[in-house]
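Structure first, commentary second.
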Amino acid sequence: MARKPIVALVGRPNVGKSTLFNRLVGSRLAVTHNIPGTTRDRIQAESDWNGVAFTVIDTGGIEVYQPHGTRDESALAEGSIEFVAHIRQQAMLAINEADVIVMLVDAMHGVTAADEEIAELLRRTEKPVIIAANKIDDIQHRDTAFEFYALGLGEVVGISSIHGLGVGDLLDKVVEAIGSGPSPFEEEDDEDHLKVAIVGRPNVGKSTLLNRLIGEDRAIVSDHSGTTRDAIDTRIRWHGQDVTLIDTAGIRRRGRIEPGVEKFSVLRAMRAISRSDVALLVIDGAEGVTEQDEHIAGYVIEEYKSIVIVVNKWDAVEKNAYTMTEEVQRIRERLHFIPYAPIIFISALTGQRIHLVLETAHRVWEARYFRVPTSDVNNLLRDAVQRHPPPTKGTRRLKLYYASQVAIDPPVFLFHVNDERLVHFTYKRYLENRIREAYPFEGTPIRLSFRESKDKGR
């Protein structure tokens, strides 16, 4: 089978790359804002057109043009000059990975010196390039796109990424370029390897942890909260196995999310959790568990994802012989709804105990795929009923006939009963506790389902 070809969206800041990205993938994965430089790290998602599937990579704007050694600070988001080199590096990484490149330009401003510099970079790649002249809001103004043929990159398509005008024509050209490229593409297996989302509130060290795990500065690291606004996928090899690390934006508590950029960052971080197998909940060791941390843990469990609690910045905590034990107890009290989650103490900055992170995540991932034999499940059920008989409701008593584990990833147990309306949540919790006593399912939520049996009667 062929892997999906990669289409990279590149261009100078604020020409509409993230808006086009969202339209192509059918969701608001990228942060869009009228501040140039909002998209700081490259992100990717799947798309298709006329039966051809491909991966779209969104990039930050490429800052290359500096007339007379000066820099136009108005072109930088919030005056963040420090990010320019990183943005350009991320965009170049995306270009190197791409099979087809879509260069976005602003038709309202015409050809700029920055466009010419970027075009020169793209000519060196010898890859198919399609110019998308954006911000053409009606068909009468499509002629303004023609001047971009002067860049010498070939086909130019006039579009409006906001309104969708011309996007179908652009996709036709993209698919045509994919078909003319090298084939077949090698398969990339996205199903049978560990995918880890690094989540937590802002400024707890998530990007530092990512960089420490992969051994290179893959994400932008800053001591300013909210630096990472996009969910970034990075695949690495760990002990001969593939692992995908997903770094996400810091998540603030509901009700305290700033409008605009940060709002969509949170939504995207939630989707990143849904794409993962295991979430690393990163907590600031100096501050302990906060209400925000509790909410984030709740998000992870709502998605039935496995979880590892990573207490970071442990090097900055004054300690004695009892400090770690006492902190574990405090964490268990605050996160009482995930008593099965392992807790590890690390310093991403110094590398202290960093080896435990992927070791624990992999062990927890394996627990998602553990299957209990049906005979063992029923032995456990009989013992649980004998210890604590099911409750009654009025004159009716819940009867549990038999049970089995019907799914993995996450583990799901199906109980056949006389009347599922008689199942109280406290008895469900009791049964889950009995299962976990025998089979810990470390770090992994389990689902209990109840179905009325038609052959046993009531």
Side-chain angles (χ1 to χ4, degrees), residues 2-25 29-30 39-50 52-65 86-107 111-136 145-159 161 166-183 185-186 188 230 232-233:
R3 76 158 172 86
K4 293 178 181 176
I6 295 173
V7 178
L9 308 181
V10 302
R12 60 186 177 85
N14 208 31
V15 292
K17 295 182 298 298
S18 294
T19 303
L20 177 60
F21 176 86
N22 292 334
R23 181 167 290 278
L24 295 183
V25 303
L29 280 172
T39 304
R40 290 173 174 168
D41 290 306
R42 62 195 172 108
I43 59 175
Q44 62 187 55
E46 307 307 312
S47 184
D48 68 87
W49 183 253
N50 290 338
V52 177
F54 51 92
T55 298
V56 183
I57 297 181
D58 185 23
T59 68
I62 305 175
E63 288 279 355
V64 293
Y65 183 63
H86 293 287
I87 292 170
R88 187 177 187 278
Q89 181 184 26
Q90 303 286 17
M92 294 309 299
L93 286 170
I95 290 170
N96 291 335
E97 294 176 3
D99 302 296
V100 177
I101 300 167
V102 175
M103 176 183 172
L104 261 76
V105 293
D106 188 334
V111 178
T112 67
D115 294 329
E116 292 174 346
E117 293 285 345
I118 294 170
E120 179 60 29
L121 289 174
L122 296 182
R123 273 193 291 271
R124 299 172 193 166
T125 68
E126 298 183 353
K127 294 182 178 181
V129 178
I130 302 165
I131 297 178
N134 194 23
K135 304 183 183 180
I136 295 177
F146 292 159
E147 66 179 279
F148 291 95
Y149 278 99
L151 294 175
L153 290 175
E155 197 73 39
V156 178
V157 181
I159 70 167
S161 56
V167 173
D169 295 335
L170 174 63
L171 286 170
D172 286 341
K173 298 298 181 182
V174 168
V175 170
E176 181 181 334
I178 289 173
S180 63
S183 182
F185 296 98
E186 295 179 359
E188 291 186 3
D230 290 318
I232 316 158
D233 289 8

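The structure displayed is predicted, hence computed values, not measured ones.
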Problem - Any Glu116 side-chain heavy atom under 4.5 Å of Leu151 side chain - result: yes
Fill in the blank from the handout: Nearest heavy-atom approach of Ala145 to Val156 is O-CG1, 3.4 Å
Practice task
Take Val102 and Val56 through the side chain to side chain contact (heavy atoms under 4.5 Å, CB included) test and state the conclusion after the steps.
Solution key: CA-CA 10 Å; Val102 175; Val56 183; over 6 Å; no
Fill in the blank from the handout: In short, Gly166 meets Val157 closest at the heavy-atom pair O-CG1, 3.9 Å
Problem - CD1-CD1 distance between Ile101 and Ile118, expressed to the nearest 0.5 angstrom - result: 11.5 Å
Exercise for the section: Report yes if the side chains of Asn134 and Leu20 come closer than 4.5 Å at any heavy-atom pair, otherwise no. Expected result: no
Problem - Nearest-0.5 Å distance that lies between atom NZ in Lys135 and atom OG1 in Thr19 - result: 8.5 Å
Exercise for the section: Answer whether the closest heavy-atom distance between the side chains of Leu171 and Val52 falls below 4.5 Å. Expected result: no
Practice task
Heavy atoms only: give me the nearest Ala119-Met103 pair and the separation to one decimal.
Solution key: N-CE, 4.2 Å
Practice task
Report yes or no: does Ser47 contribute a side-chain atom to a donor-acceptor pair with the main-chain N or O of Leu24 at less than 3.5 Å?
Solution key: yes
Practice task
Quick one: closest heavy-atom pair of Val111 and Phe148, and the distance?
Solution key: CG2-CD2, 3.6 Å
Problem - Between CD on residue Glu120 and CG on residue Leu153, distance to nearest 0.5 Å - result: 9.0 Å
Fill in the blank from the handout: Between Ile159 and Ala132, the two heavy atoms sitting closest are CD1-CB, 3.9 Å
Problem - Rounded distance (nearest 0.5 Å) linking atom CD1 of Ile57 with atom CD1 of Ile6 - result: 4.5 Å
Practice task
Answer whether the closest heavy-atom distance between the side chains of Trp49 and Val174 falls below 4.5 Å.
Solution key: no
Exercise for the section: Give a yes or no answer on whether the side chain of Lys127 reaches the backbone of Leu122 with a donor-acceptor pair at less than 3.5 Å. Expected result: no
Handout entry: Where Arg23 and Ser161 come nearest, the two heavy atoms and their spacing
Key = NE-O, 2.8 Å
Exercise for the section: Report yes if the side chains of Val105 and Val15 come closer than 4.5 Å at any heavy-atom pair, otherwise no. Expected result: no
Practice task
Inspect the surroundings of NZ in Lys173 and state if more than 12 heavy atoms from other residues, nucleotides or ligands are less than 6.0 Å away.
Solution key: no
Problem - Note, Asp106 side chain near Asp115 side chain (heavy atom, < 4.5 Å) - result: no
